[in-house]
J.: 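Shown below is the structure under consideration.
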Amino acid sequence: MIFDFLGDKKRAVVSMCHMGALPGSPLYDSDGGINKLIDDALSDIHKLQDGGVDAIMFGNENDRPYLLEATPESIAAYTAVVQACKPELKVPFGVNYLWDPTASIAIAVATQAKWVREIFTGVFASDMGVWAPNAARPARMKRDLDRRDLKLFFNINAEFAHSLDQRPIELRAKSAIFSSLADAILVSGPITGQPADASDLRKVAEAVGEMVPVFANTGVNVDNVTDVMSVASGCIIGSHFKVDGDTWNAVDADRVKRFMDKVNTLR
């Protein structure tokens, strides 16, 4: 069992619901407004669930260029979209506000999400500037808000960034568990949609062992999922489930079904 909310699922598949750009973002569709954000999210959710995914995670990948500190209007809109979608959700869900751990915790508490994915630890040179999150603040926030059950998924090698920490990735993974109470470790590729380095994933999985689950966070597809799932506890899928495998497109129901059919042969 990976987490209680996933039941007895093994090699779990968490699929992304990439909501449209939120108010204040350069790409926000002010004509469509919040209603379009909700309608598009629901359309993707229905296709993901019909295809058999194990869980869904909301993300604001369309809020380019990304913020390291969320704005009030985007937090409010993100929360409104998740709340509107909840009646249609048949699987567990989590949230991730790129790239603000505290905002992610706040949204998770408001929406009763099961987990948060974020960059909680490390120092990075990134497209957003120098990136140095404070792991203690969101951890204390979830305790203060009485959400000790909320799981924290630590993405330890951020997309769009290079770690300034020269320790081997497997040591950083073990350290995040020891010092910052990570509930899961995620290994990413350099950019959304690109796979994690296979040797990095293996080294982290071997170093972490049974301490916490290890997920491949980016770039998993129907061609590499067998190799990924031979090492990882699960994976998070966004781009591969989209039309033509393009991150910015809508979900393609046929791609979801083909992928999940493959995964079900591995469990």
J.: Would you please classify the geometry between the Trp131 ring and the Phe124 ring as parallel, tilted or perpendicular, with 30° and 60° separating the classes?
T.: tilted
J.: Mind listing the closest non-hydrogen atom pair of Ile156 and Val204 along with its distance?
T.: CD1-CG2, 4.3 Å
J.: Shortest non-hydrogen contact from Gly219 to Asn224?
T.: O-ND2, 3.1 Å
J.: For Ser188, enumerate each residue passing the side chain to side chain donor-acceptor pair (under 3.5 Å) test, keeping only those at least two apart in sequence or located in another chain.
T.: Asn155, Asn217
J.: A side-chain contact here means heavy atoms from C-beta on lying under 4.5 Å apart; do Val251 and Ser43 qualify?
T.: no
J.: Could you measure the distance from the CG atom of Leu152 to the CG atom of Asp183? Nearest 0.5 Å is fine.
T.: 5.0 Å
J.: I want to know whether Tyr78 and Phe58 have ring centres closer than 6.0 Å.
T.: no
J.: Are Asn134 and Arg137 close enough that a side-chain donor and a side-chain acceptor fall under 3.5 Å?
T.: no
J.: Any chance you could lay out the side chain to side chain contact (heavy atoms under 4.5 Å, CB included) test for Thr247 and His18, step after step, and finish with the verdict?
T.: CA-CA 9 Å; Thr247 304; His18 291 150; 4.0 Å; yes
J.: Tell me whether the count of non-hydrogen atoms from other residues, nucleotides or ligands lying under 6.0 Å of CG in Asp149 goes above 12.
T.: yes
J.: Would you check, one step at a time, whether the test side chain to side chain contact (heavy atoms under 4.5 Å, CB included) holds for Phe120 with Ser180?
T.: CA-CA 8 Å; Phe120 291 102; Ser180 301; over 6 Å; no
J.: Does the separation of the ring centres of Trp115 and Phe5 fall below 6.0 angstrom?
T.: yes
J.: Val222 and Arg258: which non-hydrogen atoms are nearest, and at how many Å?
T.: CG2-O, 4.2 Å
J.: Is there a donor-acceptor contact under 3.5 Å from the side chain of Lys47 to the main chain of Asp252?
T.: no
J.: Quick one, Lys257 with Asp261, criterion salt bridge (charged side-chain N to carboxylate O under 4.0 Å, His left out). Give me CA distance, side-chain angles, the key distance, then yes/no.
T.: CA-CA 6 Å; Lys257 186 177 186 307; Asp261 285 347; 2.9 Å; yes
J.: What's the separation between atom OG in Ser126 and atom NE2 in His162, rounded to the nearest 0.5 Å?
T.: 12.0 Å
J.: Over all heavy atoms of both residues, which pair between Gly193 and Thr218 is shortest? Give the atoms and the distance, please.
T.: N-CB, 4.2 Å
J.: Have Ser199 and Asp197 got a donor and an acceptor in their side chains that come within less than 3.5 Å?
T.: yes
J.: Test Asp8 against Lys10 for salt bridge (charged side-chain N to carboxylate O under 4.0 Å, His left out), laying out the working first.
T.: CA-CA 6 Å; Asp8 60 356; Lys10 296 179 180 179; over 6 Å; no
J.: Looking only at heavy atoms, which two atoms of Asp63 and Ser25 are closest? And how far apart?
T.: OD1-CB, 3.3 Å
J.: Do the ring planes of Phe153 and Phe3 sit parallel (below 30°), tilted (30 to 60°) or perpendicular (above 60°)?
T.: parallel
J.: If I take atom NZ from residue Lys9 and atom OG from residue Ser233, how far apart are they, to the nearest 0.5 angstrom?
T.: 15.5 Å
J.: Any idea how Phe160 and Tyr66 line up, ring-wise: parallel (<30°), tilted (30 to 60°), or perpendicular (>60°)?
T.: tilted
J.: When rounded to the nearest 0.5 angstrom, what is the spacing between CH2 in Trp248 and CG in Asn62?
T.: 5.5 Å
J.: Drop me the distance from Glu118's CD to Leu98's CG, to the nearest 0.5 angstrom.
T.: 6.0 Å
J.: Checking side chain to side chain contact (heavy atoms under 4.5 Å, CB included) for the pair Ile236/Met16: CA distance, chi angles, key distance, verdict?
T.: CA-CA 7 Å; Ile236 296 173; Met16 292 301 305; 3.8 Å; yes
J.: Measure the CZ-CG distance between Arg117 and Asn96 for me, rounded to the nearest 0.5 Å.
T.: 4.5 Å
J.: Hydrogens and angles aside, do Ser175 and Arg167 bring a side-chain donor and acceptor to less than 3.5 Å of each other?
T.: yes
J.: I'd like to check Leu22 versus Leu37 (side-chain heavy atoms, cut-off strictly below 4.5 Å). Are they in contact?
T.: yes
